[in-house]
2 protein chains.
Amino acid sequence: MQEQRASDDRTDASIVEIDGEPIDLLALENQVCFALAVAARGVIGVYRPILEPLGLTHPQYLVMLALWQRSPRTVRDLGAALQLEPATLSPLLKRLEAQGYLTRQRSTKDERALDVELTPSGRALREQALGIPPQVVDRLGMTLEELGSLRDRLGEVIDAVQRGER
Amino acid sequence: MQEQRASDDRTDASIVEIDGEPIDLLALENQVCFALAVAARGVIGVYRPILEPLGLTHPQYLVMLALWQRSPRTVRDLGAALQLEPATLSPLLKRLEAQGYLTRQRSTKDERALDVELTPSGRALREQALGIPPQVVDRLGMTLEELGSLRDRLGEVIDAVQRGER
DNA sequence: TCACAATCATTAGTGTACTAATTATTAGCT
DNA sequence: AGCTAATAATTAGTACACTAATGATTGTGA
């Protein structure tokens, strides 16, 4: 049970030089994916107590945002908007239906598709949701400029990811 | 079943002006949390096929990164480094143990704590892992400068989240 | 038209990720 | 020393999120 560190290796192949500075490619703190995962979990954690009064989880909140923009829409359409698999949405939508925020029924035009539609209760929930973004911004203590710039940069990453899918 | 749009409301309280431009606070595409979630899922998805030959999921890969930096270390220590609950790590570590990459045994100094230690196999895996960051960078088609800058900005968000926890 | 491929949603199975409750051990106080 | 609080890990329960397989419907080409 002896202490072992990567730095014990004199010729560690994970060390590269960037601008004359040695960078460890396998160091946790240098991983963009780690920063992304922690930031996403952290921000979703900020939403948790704020969404709690509405009875929504964060993914459910995103579905409601999508439906407030257009309703009814199909599961596949929601999946395209939210970048989620239908298999993920299926049980999630059932929970929102159980909450009374939406209805699920087969499309008349195409019996394969399922139309997801807001109920009056679901539409009314939007009024309460108006207070959420300000609460989050306030809680984070960041400016709208910082947040907007971050969102744009994340958009570039999302584009980079999608460019490689075919 | 009538089409309904938020924009039907003439006096929509979710529309604010920033730099004279009208911004919808509840529009999906304006949410930083949505961009974060999609980017994180997307980037983790990029890792999936790259990690597959090593038999690791992305969270498992992060655990290995942490152990390559220091081993042995306790579950709690790993949780602090990875920002994960012990309840999340517990089953994850059992899977890595089943894979033969680490051992789990009670600390002799403190019988409450569990020492997680790399096996020779787990230590050897690091050689294969050296190829992962270059593959990811190549697949994303982004420069190291862009990625480094993004990582730093994500660090600011993580700090903002943690500032509010007590 | 009619076999067959494509599409849509669901289910099954696995793996995070959280909170709350539980068990075991240690530390601290009097 | 002994009671109590605190700490470490696990378990239980819920909810995503993915891939693969399934069932139902629709579209298409010979």
Side-chain angles (χ1 to χ4, degrees), chain A residues 33-34 36-49 51-52 55-64 72-80 82-99 104-116 161 165, chain B residues 33-34 36-49 51-52 55-64 72-80 82-99 104-116 161 165:
Chain A
C33 64
F34 176 56
L36 256 178
V38 173
R41 287 204 313 265
V43 169
I44 289 173
V46 166
Y47 274 86
R48 199 165 291 124
L51 289 175
E52 205 261 358
L56 295 177
T57 64
H58 187 260
Q60 290 169 1
Y61 172 63
L62 296 182
V63 168
M64 295 304 290
R73 55 201 302 184
T74 67
V75 173
R76 185 149 291 275
D77 183 41
L78 277 171
L82 297 167
Q83 296 267 69
L84 285 174
E85 297 297 322
T88 300
L89 283 173
S90 201
L92 195 157
L93 292 171
K94 285 184 183 176
R95 289 181 203 109
L96 287 175
E97 182 185 38
Q99 294 243 64
R104 299 161 58 251
Q105 57 180 32
R106 290 287 157 183
S107 167
T108 50
K109 293 181 284 286
D110 184 344
E111 293 273 335
R112 292 171 302 184
L114 193 77
D115 277 329
V116 178
V161 170
E165 302 175 335
Chain B
C33 64
F34 176 55
L36 257 178
V38 173
R41 288 204 312 265
V43 170
I44 289 173
V46 166
Y47 275 85
R48 199 166 292 124
L51 289 174
E52 204 262 357
L56 295 177
T57 64
H58 188 259
Q60 289 169 2
Y61 172 63
L62 296 181
V63 168
M64 295 303 290
R73 55 200 303 184
T74 66
V75 173
R76 187 147 230 83
D77 183 40
L78 277 172
L82 297 167
Q83 296 267 70
L84 285 175
E85 297 297 321
T88 300
L89 283 173
S90 200
L92 194 158
L93 292 171
K94 286 184 183 175
R95 289 182 202 110
L96 286 174
E97 183 186 39
Q99 294 244 62
R104 300 161 57 252
Q105 58 179 31
R106 291 285 158 185
S107 167
T108 50
K109 293 182 284 287
D110 184 345
E111 294 271 338
R112 292 170 301 183
L114 193 78
D115 277 329
V116 177
V161 169
E165 305 175 332

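So you know, we letter chains A, B, ... as the sequences are listed, proteins then strands, and number each from 1. Basis for what follows: all heavy atoms, side chains included, without hydrogens, waters or symmetry-related copies.
Residue B/S107 is out of contact with every strand shown, counting any heavy-atom pair closer than 4.0 Å.
At a threshold of 4.5 Å between non-hydrogen side-chain atoms, the residues B/L114 and B/Q105 do not count as touching. The side-chain heavy atoms of A/T57 and A/L51, taken from C-beta on, include no pair separated by under 4.5 Å. Put simply, the side chain of A/Q60 reaches to within 4.5 Å of the side chain of A/L92, judged on heavy atoms. A 4.5 Å side-chain heavy-atom check between A/V116 and A/P72 finds every atom pair outside the cut-off. When side chains are defined from C-beta on, A/L78 counts as touching A/L93, because their heavy atoms get closer than 4.5 Å.
Look at B/R106 and B/E111 and you find no salt bridge, because none of the NZ, NE, NH1 or NH2 atoms lies under 4.0 Å from a carboxylate O.
Residues from residues 82-92 of chain A with heavy atoms under 4.0 angstrom of DNA chain D, sorted by number: A/L84, A/E85, A/A87, A/T88, A/L92.
Among the nucleotides D/dC16, D/dA9, C/dT10, the one closest to the side chain of A/L114 is C/dT10. Taking only side-chain atoms of B/R106, from C-beta outward, the nucleotide of C/dT26, D/dT26, D/dA9 with the closest atom is D/dA9.
Residue B/T57 places none of its side-chain N or O atoms closer than 4.0 Å to OP1 or OP2 of C/dT14. At the phosphate of C/dC18, neither OP1 nor OP2 sits under 4.0 Å from any side-chain N or O atom of A/R48. For B/K94 and D/dT11, the shortest distance from a side-chain N or O to OP1 or OP2 is below 4.0 Å. One finds no side-chain N or O of A/R112 lying less than 4.0 angstrom from the OP1 or OP2 phosphate oxygen of D/dA24. Considering only side-chain N and O atoms, B/R104 lies under 4.0 angstrom from the phosphate OP1 or OP2 of D/dT10. Contact between the side-chain N/O atoms of B/R95 and the OP1/OP2 oxygens of C/dT14 is not found at any separation under 4.0 Å. At the phosphate of C/dC18, OP1 or OP2 sits under 4.0 Å from a side-chain N or O atom of A/R41.
Between A/I44 and A/E111, it is A/I44 whose nearest contact on DNA chain D lies nearer the 5' terminus. Ranked by how close their nearest DNA chain C nucleotide is to the 5' end, A/A37 and A/T74 are led by A/T74.
Going from atom NE2 of A/H58 over to atom C1' of C/dA17 covers 15 Å, rounded to whole Å. Atom CG of B/L51 and atom C1' of C/dG15 are 14 Å apart (whole Å). Note: CD (B/E52) to P (C/dT14) measures 16 Å, nearest angstrom. The interatomic distance linking B/Q60 (CD) with C/dT14 (P) rounds to 14 Å, in whole Å. Here C/dT23 presents its P atom at 20 Å from CG of B/D110, a figure rounded to the nearest Å. In this structure, A/R76 atom CZ and C/dT10 atom P are separated by 11 Å, rounded to whole Å.
Between B/L56 atom CG and B/Y61 atom OH the span is 9.0 Å, to the nearest 0.5 Å.
Closest heavy-atom contact between B/R76 and B/P86: NH1-CG, 3.5 Å.
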